[in-house]
2 protein chains.
Amino acid sequence: MERHVDIGDMTGAAYGPGRSTAQRRAVAAAAASFAGAFSADDLAERVRGTDPEISRATVYRSIAAMTASRYITEVGEREGSALYTRCAESGHHHHVVCTGCGATAHTPCPIDVAGAAAAAPDGFVVTSHEVRLYGLCAACSDVARDADGCSCDADAAPTDPATA
Amino acid sequence: MERHVDIGDMTGAAYGPGRSTAQRRAVAAAAASFAGAFSADDLAERVRGTDPEISRATVYRSIAAMTASRYITEVGEREGSALYTRCAESGHHHHVVCTGCGATAHTPCPIDVAGAAAAAPDGFVVTSHEVRLYGLCAACSDVARDADGCSCDADAAPTDPATA
DNA sequence: ATGTATGCAAACAATTTGCACGACC
DNA sequence: GGTCGTGCAAATTGTTTGCATACAT
C-alpha cells in the first residue's frame, strides 16, 4: 500500500540495464504513476498521454524488461490479462490486489510462514510457487459494507469484482 | 464444496449434472486415467484413443463442466496452457505438481496455516486466492540427485522443468 | 560504427463461440 | 419434441515476433 516511487530519476534508465530511450522512460514513469496494479493495456493507455506514438509491442517489451529487472512484478490477472505493480521492496513477499480499486499491499509469503513441511508432503520438494491474493482494501471494504460507490483514492484501473 | 461424484459409475454421467453422452463419459474416464496433472491437449490426445472423432471444443466444454462440478481442479499451468488434475478430496486444499513427471500431491492451504493476518495487512480483506506449487516428487528428486533419467511411474504428461 | 530499440503488421496459441445437426430424456 | 451436446470452423484475444529503420552509446 505504501509507495516508494522515486520519480525524479527519469533522466536515466529508471530500471535495469538496456538503453535509455524516451519510450522506455515514458513507460517506466507511467508504471510508477500507478498507485496499485495495472495491466499492459492500462499501462499502454497511460503512456499514450506522454507519447501517443508508442506501440503496443514496445509496451510489452518494456514490461518484460521491467519485470526482468524487478522494477515491476506480476501480481495477478484480471479478465485474462496479467496485472503488474511497481514494487521496490526486496526480499521474498507477495501482494494482495484490491479487486475494487486495484490498490496493492505487501504480504509475507504464506508458504514461508506455513513452513515447507506443510507445502511439501510425500517427499515432494517444492521448487517454485505462485501466490495470488485478491481482496478489498480498507476503503473498498468499507464501501462494500455501506453498499455505496467506491471512494478509495487509488488511481489504478478498477478490477471487475466478479473476478474475486 | 461437497461432491456427489461416484467413480465407478461410468455408465451414467461421471460428474455433476448435464446429460450423459458417450463423449462426456470418455473424457471423464480419460481424466481419471491420469495419475497426475494433464493439460487440455493431453486429455484430448488420450480421449482420442477411445473416441478418435471427439472434437477439441467438446474436450474444452467437458473440462468446463468437470471443473464446475469439482470432478477435476485446475492446479497450475505449463507452457501457457492450464493443467488440471482429478481430485476427489473435499475441503480446502491445494496441489503440488511435479515438474518432472506431472505427479500431484495434496497440501494444506498455506494461507489458512499462516493465518489471515499475515495475508491481509493494512485492513485488506482477502476474498480469494490462488496458490500454485511446483516441485519434484520423491522419485524425480532422487533422479535429479543421480543426474539420470526420470524413472517415476506417474503416467501424467511430463512438464518442462524450465517452467519451474 | 554498431548493436539495440521501435513500429508496424503478421503470427501465435489457447480457448471460445455461432451455427446446424444429432442425441438424450 | 424440445432441449442440450457435438462438430466444424471461424473468431477472439493477450502477447510475441520478423523485419527494416531510427537511435543510443
Side-chain angles (χ1 to χ4, degrees), chain A residues 10-31 37-45 47-48 50-69 71-72 74-84 157 159-160 163, chain B residues 10-30 37-45 47-48 50-69 71-72 74-84 157 159-160 162-163:
Chain A
M10 287 303 156
T11 51
Y15 57 88
R19 293 183 177 171
S20 176
T21 64
Q23 292 91 329
R24 247 129 129 124
R25 264 174 273 134
V27 175
F38 55 87
S39 66
D41 261 349
D42 295 333
L43 188 55
E45 190 175 340
V47 173
R48 273 180 228 127
T50 305
D51 180 350
E53 300 301 306
I54 205 155
S55 79
R56 199 173 310 270
T58 295
V59 171
Y60 275 106
R61 285 189 273 233
S62 295
I63 286 174
M66 293 190 290
T67 299
S69 67
Y71 182 76
I72 61 175
E74 190 177 337
V75 290
E77 66 167 44
R78 182 185 64 205
E79 292 162 26
S81 51
L83 288 179
Y84 308 87
T159 299
D160 183 347
T163 303
Chain B
M10 288 301 164
T11 52
Y15 55 88
R19 292 181 180 171
S20 176
T21 64
Q23 292 91 327
R24 247 127 128 128
R25 265 174 272 133
V27 176
F38 54 87
S39 66
D41 260 350
D42 294 332
L43 187 55
E45 189 175 339
V47 174
R48 270 178 230 129
T50 305
D51 181 350
E53 300 300 306
I54 206 155
S55 78
R56 201 178 318 271
T58 295
V59 172
Y60 275 107
R61 283 187 276 232
S62 295
I63 286 175
M66 291 189 291
T67 299
S69 69
Y71 182 75
I72 61 175
E74 190 178 338
V75 291
E77 66 167 44
R78 181 186 65 206
E79 292 163 25
S81 51
L83 288 179
Y84 308 87
T159 300
D160 183 348
T163 302

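Heavy-atom basis, side chains included; hydrogens, waters and symmetry copies ignored. A note on names: the letters A, B, ... follow the listed sequences, proteins ahead of strands, and every chain is numbered from 1.
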Is it true that a side-chain atom of [X] and a backbone atom of [Y] form a donor plus acceptor pair closer than 3.5 Å?
| X | Y | value |
| --- | --- | --- |
| A:Ser69 | A:Ala65 | yes |
| B:Tyr71 | B:Ala28 | yes |
| A:Thr58 | A:Ile54 | no |

Would you work out how much the helix from C:dA1-D:dT25 to C:dC25-D:dG1 bends between its ends, with each end axis defined by five base pairs, to 10 degrees?
->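 The value is 30°.
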Whole angstrom value for the distance that separates [atom2] of [N] from [atom1] of [X]:
| X | N | atom1 | atom2 | value |
| --- | --- | --- | --- | --- |
| B:Arg78 | C:dA14 | CZ | P | 11 Å |
| B:Ile63 | D:dT6 | CD1 | P | 13 Å |
| B:Ile54 | D:dG5 | CD1 | C1' | 11 Å |
| B:Met66 | C:dT15 | CE | C1' | 15 Å |
| A:Asp42 | D:dT15 | CG | P | 11 Å |
| B:Glu45 | C:dA14 | CD | P | 13 Å |
| A:Arg25 | D:dA24 | CZ | C1' | 10 Å |
| B:Glu53 | D:dA9 | CD | P | 12 Å |

Which pair of heavy atoms, one from [X] and one from [Y], lies closest together, and at what distance?
| X | Y | result |
| --- | --- | --- |
| A:Val59 | A:Ala40 | CG1-O, 3.9 Å |
| A:Tyr84 | A:Val75 | C-CG2, 4.0 Å |
| A:Arg19 | A:Arg24 | O-NE, 3.8 Å |

[N] OP1/OP2 closer than 4.0 Å to side-chain N/O of [X]:
| X | N | result |
| --- | --- | --- |
| A:Arg24 | D:dA24 | no |
| B:Tyr60 | C:dT15 | yes |
| A:Gln23 | C:dG7 | yes |
| B:Thr21 | D:dT6 | yes |
| A:Thr58 | C:dG7 | yes |

Side chain to side chain, B:Gln23 and B:Thr50, heavy atoms closer than 4.5 Å =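 No, too far: nothing below the 4.5 Å cut-off.
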Hey, are the side chains of A:Val27 and A:Arg61 touching, using non-hydrogen atoms and a 4.5 Å cut-off?
->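 Sidechains of A:Arg61 and A:Val27: no contact.
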With respect to the side chain of A:Arg61, which nucleotide from C:dT6, D:dG7, D:dT16 is positioned closest?
->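 Of all the options, the side chain of A:Arg61 is nearest to C:dT6.
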Kindly indicate whether the side chain of A:Arg19 and the base of D:dT25 share any N or O donor-acceptor pair separated by less than 3.5 Å?
->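 Such a pair does not exist between side chain and base.
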Is any side-chain N or O of A:Arg56 under 3.5 Å from a base N or O of D:dG14, one able to act as donor and the other as acceptor?
->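 It does not, because no donor-acceptor pair links the side chain of A:Arg56 to the base of D:dG14 below 3.5 Å.
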Starting from the 5' end of DNA chain C, give me the residue, B:Ala64 or A:Ala57, whose nearest nucleotide shows up first.
->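 Nearest nucleotide further toward 5': that of A:Ala57.
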When we call it a touch if two heavy atoms are under 4.0 Å apart, what does B:Ala22 touch: a base, just sugar-phosphate, or nothing?
-> nothing
